[in-house]
Undergrad: 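One structure is given below, represented as structure tokens, and several questions about it will come after.
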Amino acid sequence: MTLQQLDRDLWAAEQPLRYMGLNIRARMTVVRSLLSTESPQVVLTVVSPIEMTESLRGQLNQLGPVANIIAPNCYHHFFVADFKALYPQATFWAAPGLAVKKPELPIDKTIDKEKAEFVPGLVSIFFNGLMTLGFDGIEPFNECVFFHAASRTLILTDAAFHLDSSFPWLTQLVARVIGSYQRLSPSLLEKIATVDKTPVKQAVQQILDWDFDRVVMAHGSIIETDGKEAFRKGYEKFFS
């Protein structure tokens with residue numbers, strides 16, 4: 001697995017992943033930033049870790065020390081403990097509810113409970129150069145989405161997919177059925193899981209207030225330009 005540089009301080013890496021018999025691939029995102037506004041030291045934040053390899057570890061170590069490891073929702077946690085074991089000094093941040101679902105995980109902090117501003121539905125500065133928002137309403141994901149202002153990038157996990165012709169034909173077929181083929185959109189599964197659209201609409205509006213162009217998601221091809229409009233259209237259909 002190779003880290004792909006997307007911008008000056010932004011990288012991503014993919015691995016094969018089968019879910020319900022489909023190859024949907026999985027992506028992690030790596031953000032490099034200053035340790036603090038007063039410090040010249042750079043550190044890494046890893047969102048939704050994938051399986052570690054020696055090659056991947058070497059590439060990460062060349063970029064800087066891993067300071068934050070994030071499980072961004074209650075489903076993307078499978079390799080976080082492995083990362084934490086390799087980088088014990090890093091803070092393992094968990095999405096709300098993950099500590100209850102997986103109490104055996106070595107979680108250091110829960111994103112929305114650590115500080116008063118980390119409440120669902122409110123934008124807050126998560127780490128230097130990175131902002132987060134609790135994406136409420138689609139249960140039981142409890143997803144936190146992220147915005148990297150320097151690269152104008154929105155970082156999603158399962159809040160939207162973008163499956164295209166680069167995926168196997170069976171995945172393409174199912175993506176057409178569930179509404180995520182060649183379109184940045186939540187799927188039919190997210191629609192079924194939504195019991196109250198009001199908090200979803202609030203989260204979407206707050207996301208659209210961010211100045212992003214690129215969208216990096218866990219499952220699907222990265223959208224390099226016009227990502228805000230693609231996100232808007234995907235959720236307009238979701239609400240219709």
Side-chain angles (χ1 to χ4, degrees), residues 17 19-20 22 24-29 47-49 70-78 80 93-102 105 107 110-114 117-124 126 130-147 153-163 171 174-210 212 215-223 227-240:
L17 177 69
Y19 179 72
M20 298 179 67
L22 300 176
I24 60 172
R25 304 198 300 258
R27 177 182 293 108
M28 78 174 186
T29 307
V47 182
S48 191
I70 305 174
N73 67 25
C74 288
Y75 288 86
H76 278 247
H77 57 78
F78 296 106
V80 184
W93 295 84
L98 184 57
V100 175
K101 179 183 179 182
K102 292 288 182 180
L105 290 175
I107 295 169
T110 296
I111 292 175
D112 73 332
K113 295 180 181 179
E114 180 59 24
E117 67 266 31
F118 284 136
V119 294
L122 292 182
V123 174
S124 59
F126 172 74
L130 196 62
M131 300 180 76
T132 187
L133 170 70
F135 198 109
D136 285 356
I138 301 180
E139 303 295 342
F141 291 102
N142 290 350
E143 181 161 332
C144 296
V145 301
F146 297 89
F147 171 54
T153 300
L154 177 67
I155 302 170
L156 307 175
T157 307
D158 294 325
F161 304 86
H162 184 228
L163 307 176
T171 302
V174 174
R176 291 176 189 272
V177 173
I178 65 176
S180 296
Y181 183 68
Q182 294 189 337
R183 181 174 64 207
L184 180 67
S185 174
S187 73
L188 178 62
L189 301 178
E190 278 72 36
K191 199 161 189 174
I192 293 172
T194 300
V195 295
D196 183 359
K197 289 185 177 180
T198 300
V200 180
K201 289 180 179 179
Q202 292 173 342
V204 168
Q205 186 53 58
Q206 288 178 304
I207 290 170
L208 290 172
D209 286 341
W210 284 335
F212 66 93
V215 181
V216 179
M217 69 298 297
H219 308 291
S221 295
I222 294 171
I223 296 178
K228 179 180 283 194
E229 186 61 22
F231 182 83
R232 187 198 313 273
K233 288 180 178 178
Y235 267 93
E236 281 179 354
K237 186 170 183 63
F238 177 81
F239 294 131
S240 64

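Please read these numbers as outputs of a predicted model, since none were measured by experiment.
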Undergrad: Quick one: list whatever passes ring-ring contact (aromatic ring centres under 6.0 Å, His included) with H219, sequence neighbours left out.
TA: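 Per chain and number, H219 pairs via ring-ring contact (aromatic ring centres under 6.0 Å, His included) with H76, F161.
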
Undergrad: Considering residues at least two apart in sequence or located in another chain, which fulfil the side chain to side chain contact (heavy atoms under 4.5 Å, CB included) criterion with K102?
TA: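 If we apply the side chain to side chain contact (heavy atoms under 4.5 Å, CB included) test to K102, skipping adjacent residues, the hits are H77, L98, E104, L105.
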
Undergrad: Considering residues at least two apart in sequence or located in another chain, which fulfil the salt bridge (Lys or Arg N to Asp or Glu O under 4.0 Å) criterion with R232?
TA: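 So R232 forms a salt bridge (Lys or Arg N to Asp or Glu O under 4.0 Å) with E229.
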
Undergrad: Can you check whether T157 reaches Y75 side chain to side chain, under 4.5 Å on heavy atoms?
TA: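 Answer no - side chains too far apart.
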
Undergrad: Working to the nearest 0.5 angstrom, can you tell me the gap between L163 CG and R176 CZ?
TA: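 L163 CG to R176 CZ: 11.5 Å, rounded to 0.5 Å.
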
Undergrad: Could you check whether any side-chain N or O of E143 sits under 3.5 Å from a backbone N or O of D158, counting only pairs where one atom can act as donor and the other as acceptor?
TA: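 At least one qualifying donor-acceptor pair exists.
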
Undergrad: Measure across P72 and I70 and return the closest heavy-atom pair with its distance rounded to 0.1 Å.
TA: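 Looking at all heavy atoms of both residues, the closest pair is CD-O, 3.2 Å.
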
Undergrad: If you compare all heavy atoms of L133 against all heavy atoms of A203, which two are closest, and at what distance to 0.1 Å?
TA: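 Smallest heavy-atom distance, with atoms named: CD2-O, 3.5 Å.
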
Undergrad: Begin with the C-alpha distance, continue with both residues' side-chain angles, and end with the deciding distance and a verdict on side chain to side chain contact (heavy atoms under 4.5 Å, CB included) for Q182 and S221.
TA: CA-CA 9 Å; Q182 294 189 337; S221 295; over 6 Å; no

Undergrad: Kindly give the heavy-atom pair with the smallest separation between K228 and L208, and that separation in Å.
TA: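 Looking at all heavy atoms of both residues, the closest pair is NZ-O, 2.9 Å.
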
Undergrad: Without swapping roles, check the side chain of N142 against the backbone of P96 for a donor-acceptor pair under 3.5 Å.
TA: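 It does hold such a pair.
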
Undergrad: Tell me if a side-chain donor or acceptor on Q205 pairs with a main-chain N or O of Q202 at a distance below 3.5 Å.
TA: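 It does not hold such a pair.
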
Undergrad: Side chain to side chain contact (heavy atoms under 4.5 Å, CB included) between F238 and V200: does it pass, once the steps are laid out?
TA: CA-CA 10 Å; F238 177 81; V200 180; 4.0 Å; yes

Undergrad: Taking only residues two or more places apart in sequence, or in another chain, which ones meet R183 in a side chain to side chain contact (heavy atoms under 4.5 Å, CB included)?
TA: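 Here the qualifying residues are S185, K237.
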
Undergrad: With sequence neighbours left out, what residues match D196 under side chain to side chain contact (heavy atoms under 4.5 Å, CB included)?
TA: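 For D196 the side chain to side chain contact (heavy atoms under 4.5 Å, CB included) partners, ignoring immediate neighbours, are T198, P199.
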
Undergrad: Is the closest side-chain heavy-atom distance between W93 and T132 below 4.5 Å?
TA: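 In short, these two side chains do not touch, never coming nearer than 4.5 Å.
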
Undergrad: Do any N or O atoms from the side chain of T153 and from the backbone of V215 form a donor-acceptor pair under 3.5 angstrom?
TA: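 Not a single qualifying donor-acceptor pair exists.
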
Undergrad: So which of F146, F231, F135 actually passes side chain to side chain contact (heavy atoms under 4.5 Å, CB included) with L156?
TA: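 Testing L156 for a side chain to side chain contact (heavy atoms under 4.5 Å, CB included) against F146, F231, F135 leaves exactly one candidate, F231.
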
Undergrad: Run the side chain to side chain contact (heavy atoms under 4.5 Å, CB included) check on I222 and R27 step by step: do they pass?
TA: CA-CA 10 Å; I222 294 171; R27 177 182 293 108; 3.6 Å; yes

Undergrad: Identify the two heavy atoms, one from A159 and one from P186, that lie closest to each other, and give their separation to 0.1 Å.
TA: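 Closest heavy-atom pair between A159 and P186: O-CB, 3.6 Å.
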
Undergrad: Taking only residues two or more places apart in sequence, or in another chain, which ones meet K197 in a side chain to side chain contact (heavy atoms under 4.5 Å, CB included)?
TA: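 Testing K197 for side chain to side chain contact (heavy atoms under 4.5 Å, CB included), a comparison that skips the adjacent residues, returns K191, T194, K201, F239.
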
